[in-house]
Amino acid sequence: FFSGFPALIYQLTWQRALFRIFGVNIESVTIVVTAFMLGLGLGSLAGGWLSKRRGIPLLPLLGGIELMTGAFGLLSLQIFDRVSAFTIGLPLPATAAVSLALVIVPTLLMGATLPVLVGHLVRRSGHVGSALGLIYYVNTLGAACLACAAFLFPFVGMQGAVYVAVGLNAAVAAGAFVAY
């Protein structure tokens with residue numbers, strides 16, 4: 001739950017930040033959503049590959065992924081603002097490449113969390129179906145929380161929402177390290 005919720009906060013915040021840079025039109029929406037989905041999908045593949053490696057302790061890996069995601073999140077809005085100065089007036093393919101470059105690493109990290117968590121539970125319980133079902137349910141529930149849209153943005157703004165997400169990343173990382 002607490003891993004999925006920051007992902008939603010980042011997605012909504014980064015979409016708004018990228019729309020400020022590139023404008024809101026069908027092309028920019030398509031580029032941003034594609035970049036997110038590509039990163040999450042590739043991250044899921046990478047996380048699945050890592051979770052099959054017996055020599056890798058998965059809870060510390062999850063903690064590291066959450067810390068790296070939070071570190072990028074902490075700097076993300078400043079990075080986006082700096083990049084915007086260089087991208088004004090770029091053609092659409094260049095805009096697409098810049099959007100992809102901005103979000104590919106953190107979305108890869110976010111995409112890897114679910115398979116890593118499932119891999120950990122499968123190692124502990126030996127039951128793939130129940131582990132996958134439980135983690136997918138709880139992670140999706142966290143990602144589906146619309147509280148950030150309804151409460152966070154109006155009260156704390158985009159930067160405040162990012163701080164909440166970073167705090168949740170840090171809490172998940174701490175929990176993973178303690179549980180390990």
Side-chain angles (χ1 to χ4, degrees), residues 1-41 43-44 47 59 62-88 95-96 98-117 134-179:
F1 180 87
F2 290 109
S3 181
F5 188 49
L8 176 67
I9 293 171
Y10 290 133
Q11 180 180 1
L12 293 174
T13 304
W14 294 345
Q15 277 185 303
R16 289 178 180 198
L18 291 170
F19 292 162
R20 279 194 332 225
I21 297 170
F22 303 120
V24 179
N25 55 37
I26 191 67
E27 292 86 2
S28 65
V29 170
T30 301
I31 290 166
V32 171
V33 171
T34 300
F36 267 87
M37 294 297 108
L38 179 64
L40 291 172
S44 181
L59 285 179
L62 174 67
I65 289 170
E66 291 287 343
L67 289 176
M68 288 186 288
T69 303
F72 180 84
L74 195 59
L75 302 172
S76 62
L77 295 180
Q78 292 84 0
I79 292 169
F80 292 176
D81 286 342
R82 290 205 173 128
V83 167
S84 71
F86 299 110
T87 59
I88 294 174
T95 301
V98 169
S99 294
L100 180 63
L102 286 173
V103 299
I104 195 70
V105 171
T107 56
L108 279 165
L109 293 168
M110 288 185 269
T113 59
L114 184 65
V116 168
L117 281 169
L134 175 66
I135 293 298
Y136 189 76
Y137 164 74
V138 173
N139 186 260
T140 303
L141 186 63
C145 269
L146 296 177
C148 74
F151 298 108
L152 283 180
F153 288 127
F155 293 111
V156 300
M158 285 177 32
Q159 188 65 57
V162 166
Y163 290 150
V164 169
V166 169
L168 290 169
N169 288 133
V172 171
F177 292 131
V178 167

Seminar exercise, completed: Here the gap from Gln15 atom CD to Met158 atom CE, rounded to the nearest 0.5 Å, amounts to 11.0 Å
Problem set entry | Minimum heavy-atom distance Ala35-Ser99, with the two atoms named | CB-O, 4.3 Å
For this session: Check whether any side-chain heavy atom of Leu12 lies under 4.5 Å from a side-chain heavy atom of Phe153, and answer yes or no.
Result: yes
Problem set entry | Within-4.5 Å side-chain heavy-atom neighbours: Asp81 and Gln78 | no
Problem set entry | From Leu74 atom CG to Leu67 atom CG, the distance as rounded to the nearest 0.5 Å | 11.5 Å
Seminar exercise, completed: Quick note, side chain to side chain donor-acceptor pair (under 3.5 Å) partners involving residues 68-77, not counting sequence neighbours, are Trp14-Ser76
Below 3.5 Å, can you tabulate the donor-acceptor pairs from side chains in residues 168-179 to any protein atom, sequence neighbours excluded?
from   : atom 1 : to    : atom 2 : distance (Å)
Asn169 : OD1    : Tyr10 : OH     : 2.5
Asn169 : ND2    : Glu66 : OE1    : 2.6

Exercise. What is the minimum heavy-atom distance between Gly73 and Val162, and which atoms define it?
Worked result: O-CG1, 3.0 Å
Exercise. What closest approach, in Å, do Val166 and Gly70 show between heavy atoms, and which atom pair accounts for it?
Worked result: CG2-O, 3.4 Å
For this session: Would you give the length of the straight line joining atom CG of Leu117 to atom CG of Leu59, rounded to the nearest 0.5 angstrom?
Result: 7.5 Å
Exercise. Once you round to the nearest 0.5 Å, how far does OG of Ser44 lie from CG of Leu108?
Worked result: 10.5 Å
Exercise. How close do Leu77 and Ala17 get, heavy atom to heavy atom, and via which atoms?
Worked result: CD2-CB, 3.8 Å
Problem set entry | Within-4.5 Å side-chain heavy-atom neighbours: Phe72 and Thr107 | no
For this session: For residues Thr113 and Leu62, determine if any side-chain heavy atom of one lies less than 4.5 Å from a side-chain heavy atom of the other.
Result: yes
Problem set entry | Atom pair CD (Gln159) and OG1 (Thr13), whose distance is rounded to the nearest 0.5 Å | 9.0 Å
Exercise. Could you state the interatomic distance from OG1 (Thr34) to CG (Leu100), rounded to the nearest 0.5 Å?
Worked result: 9.5 Å
